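Below is one structure; the comments refer to it alone.
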Amino acid sequence: MVKQRMASADVAGEVSCLKQKLLGLRLANIYDLNAKTYVLKLSKSGSDGEKVFLLLESGTRFHTVQVMYDKPDAPSNFTLKLRKHLRTRRLEDVRQLGVDRVVDFVFGSGENAHHLILEMYAQGNVILADHSYQVLTLLRSHRDDAKGLSIMAKHPYPMHAIRLRQPLLLTALQQALAAAVAPPAAAETADGNGAAVVEAAAAAADDEDEGPPDEDAEAEAAAAAAAAAAAAKPAKGGKRGKQQGWKAGPKAGGGPTLKSVVADLVPYGPAIAEHCCLAAGLAPGQVLTQQQLTEGQALALFGAVQQFEAWLASLDQGAAAEGFVSALPAAAGSAAAVAKAAAGDASSKQGAAKGAAGAGDGQQQQQQQQQTERGAGLVYQDYNPLRLSQ
């Protein structure tokens with residue numbers, strides 16, 4: 001399935017790349033492409049300085065783009081407020097807040113600093129705060145008194161809700177594996193499907209929400225529970241059950257899979273949980289109530305998680321994520337169409353950038369043409385900041 005939005009590991013990888021590319025640049029202007037997408041134009045000092053376009057899409061993604069997209073004639077009120085506070089300020093830092101899909105762009109320093117915060121979970125948000133994280137303006141306001149969340153203008157941004165990065169302990173992994181082998185009896189029902197429904201809903205909620213709680217959490221959990229219950233009625237297990245992290249046994253009901261247990265412990269999304277299982281030489285769909293892990297397998301799984309955490313630590317120390325794009329060969333009948341579309345896209349990009357081309361742009365255009373030729377006949381599937389085990 002094609003990735004629809006960035007996961008926590010994608011955010012960490014992109015932040016490391018932007019730190020090396022954008023720090024020290026000044027914000028020349030801000031443009032809104034639509035109600036959720038904004039482009040920041042950053043440049044070096046001087047009229048002939050380097051210009052970089054940074055795209056921010058609320059709830060979905062952030063990355064640089066090579067050319068400027070078409071924009072409305074008149075900026076929105078929110079864009080005007082961002083320009084008022086941020087234009088001409090220097091980008092001093094880019095950081096991920098904890099392990100959540102939240103990025104903090106710091107413009108200026110000291111008491112003159114401003115924080116442009118991009119949230120990429122649930123409906124997403126773009127928030128402007130001052131040096132003390134007092135919210136000045138934001139894309140959308142919401143509050144949840146039960147969870148102690150209040151994201152509104154003239155209120156402090158809820159930094160207490162950010163989940164800090166903490167290394168996984170071996171004892172925590174061992175306890176989770178032991179609990180998965182003997183699930184609580186209260187989760188079972190007479191038809192044998194009750195436990196699967198409860199755990200499937202929990203797995204679906206974990207897959208969808210890596211960020212802090214928000215006003216949509218209860219609705220999403222209820223919808224996931226209803227979908228899981230509907231899928232569990234006709235049969236025990238099946239394709240739907242496997243997708244939710246459960247697999248029906250030969251005689252009894254299902255149980256939690258290894259992937260679902262790891263996903264609960266490692267807050268980086270289901271793809272990273274599956275990667276850790278495969279890196280340890282284990283099957284992600286292994287049902288723990290039917291086949292327990294040996295001590296050696298548990299240690300191998302713990303080592304795989306540690307290896308991923310070491311990769312995250314290397315990003316904090318200045319390493320850059322390589323980045324990998326997964327693609328499959330296009331069908332025979334559509335290969336020519338894919339190649340033609342790629343060539344047309346490259347041509348349009350070159351035409352859009354023609355006015356700003358300099359003396360050294362010939363070599364860059366040649367490299368772009370070579371990349372287009374390499375991608376012709378391929379259909380994009382996924383992207384990841386590190387090579388995942390498959």
Side-chain angles (χ1 to χ4, degrees), residues 5-16 19 93-104 106 115 117-122 133 144 147-149 151 156-180 199 202-203 205-214 217 221 245 256-280 282 284 288 293 295 297-321 384-386 388-389:
R5 61 174 63 192
M6 283 184 163
S8 180
D10 301 320
V11 173
E14 183 65 19
V15 164
S16 70
K19 278 186 174 182
D93 196 11
V94 181
R95 58 191 176 214
Q96 180 181 14
L97 298 184
V99 298
D100 293 318
R101 291 173 288 176
V102 183
V103 184
D104 181 10
V106 184
H115 300 266
I117 302 173
L118 173 66
E119 295 181 348
M120 288 171 286
Y121 55 85
Y133 285 96
D144 189 334
K147 298 177 181 179
L149 290 177
I151 303 182
Y157 185 76
M159 297 294 289
H160 65 276
I162 298 296
R163 297 178 299 171
L164 301 180
R165 185 186 302 169
Q166 297 179 348
L168 177 65
L169 301 177
L170 179 58
T171 54
L173 176 61
Q174 292 172 336
Q175 292 173 359
L177 293 174
E199 291 295 334
D206 288 340
D207 285 0
E208 291 296 330
D209 189 7
E210 297 173 19
D214 61 280
T257 62
L258 181 60
K259 175 183 173 180
S260 65
V261 172
V262 176
D264 288 339
L265 289 173
V266 183
Y268 302 110
I272 298 302
E274 181 175 348
H275 162 72
C276 293
C277 295
L278 293 173
L282 303 172
L288 297 178
L293 296 189
E295 183 178 356
Q297 290 175 328
L299 290 175
L301 179 59
F302 179 67
V305 175
Q306 281 188 315
Q307 186 176 8
F308 174 75
E309 292 175 341
W311 175 80
L312 288 176
S314 69
L315 298 182
D316 294 336
Q317 296 172 2
N384 289 286
L386 74 165
L388 299 182
S389 301

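Counting from 1, the numbers follow the sequence of the chain as shown. Basis for what follows: all heavy atoms, side chains included, without hydrogens, waters or symmetry-related copies. Predicted model, so just to flag it, every value in this text is computed and none were measured.
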Heavy-atom pair of closest approach, residues [X] and [Y]:
X      : Y      : value
Pro385 : Ala9   : CG-O, 3.4 Å
Cys276 : Ala304 : O-CB, 3.3 Å
Leu301 : Val262 : CD2-CG2, 3.8 Å
Ala180 : Pro256 : O-CG, 3.5 Å
Leu173 : Ala298 : CD2-O, 3.7 Å
Leu315 : Ser16  : CD2-OG, 3.7 Å

Please examine the side chains of [Y] and [X], heavy atoms only from C-beta on, and report whether any two atoms are closer than 4.5 Å.
X      : Y      : result
Arg101 : Met6   : no
Leu288 : Val261 : yes
Val102 : Leu118 : no
Val106 : Arg95  : yes
Gln96  : Ser8   : yes
Leu258 : Leu177 : yes

Handout entry: For His275, ring pair (Phe, Tyr, Trp, His ring centres under 6.0 Å) partners two or more places apart
Key = none
Problem - Counterpart residues, ring pair (Phe, Tyr, Trp, His ring centres under 6.0 Å), relative to Phe308 (two or more places apart) - result: Tyr268, Trp311
Handout entry: Ion pair check, Asp316 and Lys19, cut-off under 4.0 Å
Key = no
If I take atom [atom1] from residue [X] and atom [atom2] from residue [Y], how far apart are they, to the nearest 0.5 angstrom?
X      : Y      : atom1 : atom2 : value
Leu312 : Gln317 : CG    : CD    : 11.5 Å
Leu293 : Phe302 : CG    : CZ    : 14.5 Å
Lys259 : Leu282 : NZ    : CG    : 14.5 Å
Ser389 : Glu274 : OG    : CD    : 9.5 Å

Problem - Neighbour count >12 (heavy atoms, 6.0 Å) for atom CD, Gln306 - result: yes
Exercise for the section: Step by step, work out the side chain to side chain donor-acceptor pair (under 3.5 Å) result for Tyr133 and Asp104. Expected result: CA-CA 11 Å; Tyr133 285 96; Asp104 181 10; 2.6 Å; yes
Fill in the blank from the handout: Partner of Glu119 under side chain to side chain contact (heavy atoms under 4.5 Å, CB included), picked from Ile151, Asp100, Val103, is Ile151
Problem - side-chain contact (heavy atoms from CB on, under 4.5 Å) evaluation trace for Leu278 with Leu388 - result: CA-CA 9 Å; Leu278 293 173; Leu388 299 182; over 6 Å; no
Handout entry: salt bridge (Lys or Arg N to Asp or Glu O under 4.0 Å) involving Glu309 - partner list, sequence neighbours excluded
Key = none
